[in-house]
Amino acid sequence: MSFTLATWNINSVRLREAQVTRLLGEETPDILCLQEIKSPVDKMPLEGFRALGYTHVVARGQKGYNGVAILSKLPIEDAGDRDYAALGHARHVAARLENGVVIHNFYVPAGGDIPDRAQNIKFGQKLDFLTEMRDVFAEEKPQKSILVGDLNIAPREDDVWDHKKLLKIVSHTPVEVNHLTDVMEAGGWADVTRQDIPSGKLFSWWSYRSPDWDAADKGRRLDHIWATGDIKASAHSSRILRTTRGWEQPSDHVPVFATFDL
DNA sequence: ATGGTCGACTATCGA
């Protein structure tokens with residue numbers, strides 16, 4: 001079987017219901033993973049998604065903040081969640097396809113402004129979240145698994161608009177990149193997007209605060225699609241849909257796609 | 001070096 005999967009930090013699914021519907025209608029991924037839905041699950045607007053064939057939903061939500069959802073045309077079953085770093089936030093959910101493939105959808109904490117856990121509790125929580133991801137995957141040794149989401153880290157020099165300028169900016173500091181590398185190694189994860197697009201600047205997020213985002217292009221690649229080593233060779237056709245950032249009242253993130261032949 | 005903009009929901013907090 002072949003399926004196309006997308007991941008998108010939507011920054012309020014209720015405000016941007018029409019944009020989700022537009023993406024589903026125009027791009028027709030089989031599975032769409034959303035982050036920052038900012039809604040309890042029972043207040044998610046699902047009717048329009050259902051009408052387009054996305055009848056299977058696995059989600060975790062909360063009022064006002066965070067929240068992750070997996071919308072699927074293919075049958076999926078709920079494969080659970082975990083409260084990483086004991087924050088009490090809805091930042092992870094997993095689903096299982098009928099062929100046994102597990103999809104993990106993550107919204108890693110942004111980590112605040114100061115990259116020092118002694119001065120900024122949020123930065124410590126981000127590192128602790130990543131450390132627990134490392135430990136869980138070291139224990140689980142995941143197979144036939146896909147991990148997507150807003151990981152809030154741009155690991156490579158060409159994942160940011162200016163590597164040197166961002167070395168002390170949260171999302172691109174060496175300590176965060178090292179933590180993310182540890183997660184990848186513990187789980188045997190491969191970066192599918194960079195497997196397909198191995199070089200060149202690649203961004204999935206542009207700040208709302210940056211004027212003229214398109215021309216200035218001060219972006220970062222914060223949104224990722226990974227796969228375990230046993231299925232990484234089945235992934236192809238990765239792309240980042242930059243155009244949604246130019247839609248009216250956009251999310252600051254854009255969707256990332258990959259296709260798997262399994 | 002600083003401030004810049006959003007979204008949730010009322011006054012700030014989180015990003």
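So that the names make sense, note that chain A is the first sequence line, chain B the second, and so on, each numbered from 1.
- Ranked by how close their nearest DNA chain B nucleotide is to the 5' end, Y107(A) and I37(A) are led by I37(A).
- dG14(B) atom P lies 20 Å from atom CD of Q35(A), rounded to whole Å.
- Residue R14(A) is out of contact with every strand shown, counting any heavy-atom pair closer than 4.0 Å.
- With both ends at atom C1', the span from dG7(B) to dA11(B) equals 14 Å, rounded to whole Å.
- dA1(B) sits 25 Å from dT12(B) when the C1' atoms are compared, rounded to a whole Å.
- In E26(A), the CD atom is crowded: over 12 heavy atoms of neighbouring residues, nucleotides or ligands sit closer than 6.0 Å.
- Surrounding CD of E140(A) are more than 12 heavy atoms belonging to other residues, nucleotides or ligands, all under 6.0 Å away.
- For the pair F123(A) CZ and dG14(B) P, the interatomic distance rounds to 17 Å; values are reported in whole Å.
- With dG7(B), dC9(B), dA15(B) as the choices, the nucleotide that has an atom nearest any side-chain atom of K63(A) turns out to be dC9(B).
- dC6(B) and dT2(B) have their P atoms separated by 23 Å, with the value rounded to a whole Å.
- Donor-acceptor pairing under 3.5 Å is recorded for the side chains of N11(A) and Y208(A).
- Atom name P, nucleotides dG14(B) and dC9(B): the rounded distance is 14 Å, in whole Å.
- Not a single donor-acceptor pair under 3.5 Å links the side chain of R220(A) to the backbone N or O of L202(A).
- Summarising the geometry, the separation between CG on D252(A) and C1' on dA15(B) is reported as 7 Å, rounded to the nearest angstrom.
- Atom CG in D113(A) sits about 12 Å away from atom P in dG3(B), given to the nearest Å.
- The side chain of Q249(A) contributes an N or O atom lying less than 4.0 Å from OP1 or OP2 of dG7(B).
- Salt bridge K164(A)/E157(A): absent, no basic N to carboxylate O contact under 4.0 Å.
- When rounded to the nearest whole Å, the span between NZ of K43(A) and P of dA8(B) equals 14 Å.
- A tilted orientation is assigned to the rings of W226(A) and W189(A), their planes being inclined by 30° to 60°.
- Residues passing the salt bridge (Lys or Arg N to Asp or Glu O under 4.0 Å) test with D30(A): none are found, sequence neighbours excluded.
- The side chain of R91(A) places an N or O atom within less than 4.0 Å of a non-bridging phosphate oxygen (OP1 or OP2) of dA15(B).
- Separating the NE2 atom of H253(A) from the P atom of dG14(B) is a distance of 17 Å, rounded to the nearest angstrom.
- Under 3.5 Å, the side chains of W206(A) and D217(A) contain a donor-acceptor pair of N or O atoms.
- Contacts between residues 207-216 of chain A and DNA chain B, defined by a heavy-atom separation below 4.0 Å, involve Y208(A), R209(A), listed by number.
- Comparing N9(A) and P250(A) by the nucleotide of DNA chain B whose heavy atom lies nearest to each, the residue mapping closer to the 5' end is P250(A).
- In this structure, the CD atom of Q125(A) is 9 Å from the P atom of dG14(B), given to the nearest Å.
- Remark: K122(A) is in phosphate contact with dG14(B), judged by side-chain N or O atoms under 4.0 Å from OP1 or OP2.
- If you take CG of L151(A) and C1' of dA15(B), they are 16 Å apart, rounded to a whole angstrom.
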